[in-house]
Structures are given as structure tokens and as C-alpha cells.
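Single-structure report; data block below.
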Amino acid sequence: MVIDHGMGIVIGETAEVGDDVLMYHGVTLGGTGFTREKRHPTIGKGVLLGAHAVVLGPIVVGDGAKIGAGAVVTKPVPPGATAIGNPAQIIVREEALEALEV
């Protein structure tokens with residue numbers, strides 16, 4: 001895991017972070033609820049978490065996904081997908097859309 005400019009990063013106690021994750025400053029891997037069960041996110045391998053991104057709850061961010069700066073993610077993100085905005089939305093690159101039309 002690479003934490004670039006680690007100031008302000010919050011990683012909850014039940015969060016799991018995979019290998020080769022790039023996490024920029026101000027990222028929060030936060031929980032929902034106060035129970036002792038799994039309440040923080042699971043981050044897959046090779047994920048990029050943009051500056052001040054917030055990932056909340058016991059959700060999974062799939063391998064190779066990208067979370068944009070300032071995004072607020074409360075739903076699972078599939079492997080290789082990109083999530084941006086507040087609330088986060090999954091976006092698809094034009095090349096992927098063109099491949100689907102063939």
C-alpha cells in the first residue's frame with residue numbers, strides 16, 4: 001500500500017486493504033453503526049483512492065477500481081470500475097461502451 005501525503009487518513013478498525021493500493025491524503029475508510037461486527041470497507045488489490053474520498057460501511061471495492069477525489073461511496077464498486085461524485089456513481093469509459101456495441 002502506498003499512502004501519498006498521509007495527513008488526515010482514517011482507516012477504521014475492521015477495514016481491510018489489499019496489496020498495491022494507492023491512497024491519497026484525506027481518505028476515510030469509515031464505519032456505519034456501533035456494533036463490534038464488520039462495519040468498515042474492504043478495499044481490493046490495486047485500487048486507487050483519490051484525495052478526500054470517503055468509503056463508508058461494510059462494502060467491497062473490487063480489485064483495480066478507482067475512486068475519484070472527493071467521492072462518497074456507500075455501495076459496492078465492481079472490479080475495474082470508476083466511481084465519482086457525491087453520492088458516488090459508477091462511470092464507464094467510452095472505449096468500454098464502444099466495445100459493447102460491436
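- Annotation: salt bridge (charged side-chain N to carboxylate O under 4.0 Å, His left out) contacts involving residues 77-91, sequence neighbours excluded, are absent.
- In terms of the side chain to side chain contact (heavy atoms under 4.5 Å, CB included) criterion, residue partners of Gln89 (sequence neighbours excluded) are, by chain and number, Pro87.
- The same ILVMFWY cluster, assembled from side-chain heavy atoms under 4.5 Å apart, contains both Val73 and Ile11.
- Atom OG1 of Thr82 is separated from atom NZ of Lys66 by 5.0 Å, given to the nearest 0.5 angstrom.
- Nearest approach of Val47 to Gly64, heavy atoms of both residues: CG2-N, 4.0 Å.
- Among all heavy-atom pairs drawn from Ala83 and Ile90, the shortest one is CB-CD1, 4.0 Å.
- The list of ring pair (Phe, Tyr, Trp, His ring centres under 6.0 Å) pairs with a residue in residues 62-84, not counting sequence neighbours, is empty.
- Counting heavy atoms from C-beta on, the side chains of Leu48 and Ile67 never come closer than 4.5 Å.
- Legend: residues meeting side-chain hydrogen bond (donor to acceptor under 3.5 Å, both in side chains) with Thr14, ordered by chain and number and at least two apart, are His40.
- Using a cut-off of 4.0 Å between Lys/Arg side-chain N and Asp/Glu carboxylate O, Glu13 and Arg36 are scored as salt-bridged.
- Smallest separation of non-hydrogen atoms from Ala88 and Ala71: CB-CB, 4.5 Å.
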Residues 18-34, side-chain donor-acceptor partners within the protein, below 3.5 Å, at least two apart:
none

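- In terms of modelled atom types and a separation under 3.5 Å, the side chain of Asn86 and the main chain of Val72 share no donor-acceptor contact.
- Closest approach of Ile84 and Gly68 over heavy atoms only: CG2-CA, 4.1 Å.
- When the side chains of ILVMFWY residues are joined at heavy-atom separations under 4.5 Å, either directly or via intervening members, Leu56 and Ile9 end up in two distinct hydrophobic clusters.
- The ring pair (Phe, Tyr, Trp, His ring centres under 6.0 Å) analysis of residues 58-77, with sequence neighbours excluded, yields no pairs.
- Hydrophobic clustering keeps Val55 apart from Val60 (ILVMFWY residues linked when any side-chain heavy atoms are closer than 4.5 Å, directly or through intermediates).
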